[in-house]
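Computation of the quantities below employed the complete heavy-atom set of this structure, encompassing side-chain atoms and omitting hydrogens, waters and symmetry-equivalent molecules. Chain letters run A, B, ... following the sequence lines, proteins first, then strands; residues in each count from 1.
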Protein chains: 2
Amino acid sequence: MTTTAEQSRSQTGEAYHALRGAIVSGALAAGARLSPADLSTKFGFGPTPIREALARLSAENLALAIEQRGFRVAPLSGVELRELLDLRLGFEREAMFRSMREGGDVWEAGVVAAHHLLMLSAPPHPGSLPAERELWGQRHDAFHLSLIAGCAAPWLKRFHRMTVDQIERYRIAILRQPDAGDARDRLTHLLSHAEHTALRDAVLSRDEARADAALSAHIRDTAEIFAAMFERYAATPGG
Amino acid sequence: MTTTAEQSRSQTGEAYHALRGAIVSGALAAGARLSPADLSTKFGFGPTPIREALARLSAENLALAIEQRGFRVAPLSGVELRELLDLRLGFEREAMFRSMREGGDVWEAGVVAAHHLLMLSAPPHPGSLPAERELWGQRHDAFHLSLIAGCAAPWLKRFHRMTVDQIERYRIAILRQPDAGDARDRLTHLLSHAEHTALRDAVLSRDEARADAALSAHIRDTAEIFAAMFERYAATPGG
DNA sequence: ATTCAATAAAAAATCGATTTTTTTAACTCA
DNA sequence: TGAGTTAAAAAAATCGATTTTTTATTGAAT
């Protein structure tokens, strides 16, 4: 009845989500050509819905439209990653502050719930299964979203989401590297239970300074490792 | 050879620019239906390019796409305007600071040139002609753009441009009001030569505190009047 | 051997018709 | 009278073919 799959029944909507997923997940590699004819046969949509989906994706800068020369997957670059990480931190800080000021009971409950779920999920470690990593990742994202869910600022949230989605592309591309294992674990080790609990407590007690410190450190540390890992990624031939 | 008109030869590109202009200028009013068939005959493009243009516009939130129910011009709202003005100031401050740090000779020359052109154009006053207002408006926008042109931050600039474009819709809608005259002149009076010159000098001398004060006051004053004018606009029946 | 032009192939963009979905209107039955 | 149902009209979405533009190839001339 209220399945998510049913929300977008149109071919265009389906094509959009399929292509978006393929780009973010790296199934369609950065810089790859996006020929409507090819994608049409590959994904099983007509050329028209594909084209319309590509138009939307290029407006979000996930694809690149060159007039009379078709579409390509937007390329990845180290300087862009730096900027995106910076902007993301800025948006998330701002939205978190506003949530701390405007958010009510329901928002607080959402934060507590998201935190609880995150705690119940084992953080990734060298031997953890993909499904476990996946679940933890989802809950981690959900926790961060819960922190900023308390404020009504549609544009701020839109911009935040745009940076998050772009960064996700980089994350997946980087972690695909064969030797990414140790760096990945170094990364997720930073995102420890303690840090998240500190963040939750600071936010709920409306302690802006403490929340700011916690979030900034949290994101800046990961940003540092991220950017460094991308440099290595970009240096490899297959990258 | 290098005309701007020739850069987008495709029907889709033309349709996109035409529709975008019509929405921003208010020729297509907020909330109005955007039926591909109607627009097709009205603007002289096929339904396919129109549809693709609408897809792009809805990704930028100038249009609204509702699955199986077509497109509409995005509505205007007072709270949204407030948020957009806030974000715009934030982006412009940040980009200005970065330009002051990263910008070189060429950037400085651009600022001086844009300022000079603005000074040579008469600021709008009760009796000025539309063409004069238009020219001054263009030069005013160009001056502000020149202030942030010195830094390489594509995403920051993209976000800034998105807010500026959205705010432009509000500006035009508000100033269309029959009794907007006096408020408009009160508005443009704020944007005096003195303020702009102060801004230029602060920026060129790399005085961040002074530049910040000048820009913040400049934008916040206009934002205040803007928001107040929109409340009146929204209250009128025809609005 | 290299540049240029002409041609052929491929790909992108566009059109007009068809299909699907939503909206409107009329109608029946309680 | 009013709620629910069905049929007709309108509009959105999609398809497949056609047109236009770009890219690759070939051959001739310098």
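- Rounded to whole Å, the distance from CZ on A:Phe45 to P on D:dT14 is 9 Å.
- For the pair A:Glu14 CD and D:dT14 C1', the computed distance is 14 Å after rounding to whole Å.
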Filtered N/O pairs between nucleotides 16-21 of chain C and protein, under 3.5 Å:
none

Would you be so kind as to tabulate the donor-acceptor pairs closer than 3.5 Å made by side chains of residues 149-161 of chain B, with sequence neighbours excluded?
| unit_1 | atom_1 | unit_2 | atom_2 | d |
| --- | --- | --- | --- | --- |
| B:Trp155 | NE1 | A:Glu80 | OE2 | 2.8 |
| B:Lys157 | NZ | B:Cys151 | O | 2.7 |
| B:His160 | NE2 | B:Glu92 | OE1 | 2.9 |

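- Rounded to whole Å, atom P of C:dT14 lies 14 Å from atom CG of A:Leu54.
- Side-chain nitrogen and oxygen atoms of B:Gln11 include at least one within less than 4.0 Å of the OP1 or OP2 phosphate oxygen of C:dC15.
- Side-chain N or O atoms of A:Ser58 include none that pairs as donor or acceptor with a backbone N or O of A:Leu64 at under 3.5 Å.
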For residues 18-28 of chain A, dump all side-chain donor-acceptor pairs below 3.5 Å to protein atoms at least two apart in sequence or in another chain.
| unit_1 | atom_1 | unit_2 | atom_2 | d |
| --- | --- | --- | --- | --- |
| A:Arg20 | NE | A:Tyr16 | OH | 3.0 |
| A:Arg20 | NH1 | A:Asp165 | OD2 | 3.3 |
| A:Arg20 | NH2 | A:Glu60 | OE1 | 2.8 |
| A:Arg20 | NH2 | A:Asp165 | OD2 | 3.1 |
| A:Ser25 | OG | A:Gly21 | O | 2.9 |
| A:Ser25 | OG | A:Ala22 | O | 3.4 |
| A:Ser25 | OG | A:Ala27 | N | 3.4 |

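- To the nearest angstrom, P of D:dT21 lies 18 Å from CD1 of A:Ile66.
- For B:Leu117, the side-chain contact (heavy atoms from CB on, under 4.5 Å) partners at least two apart in sequence or on another chain are B:Arg139.
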Close N or O pairs between protein and nucleotides 8-11 of chain C (under 3.5 Å):
| unit_1 | atom_1 | unit_2 | atom_2 | d |
| --- | --- | --- | --- | --- |
| C:dA11 | O3' | A:Arg33 | NH2 | 3.1 |

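- Legend: residues meeting ring-ring contact (aromatic ring centres under 6.0 Å, His included) with B:Phe230, ordered by chain and number and at least two apart, are B:Tyr170, B:Tyr233.
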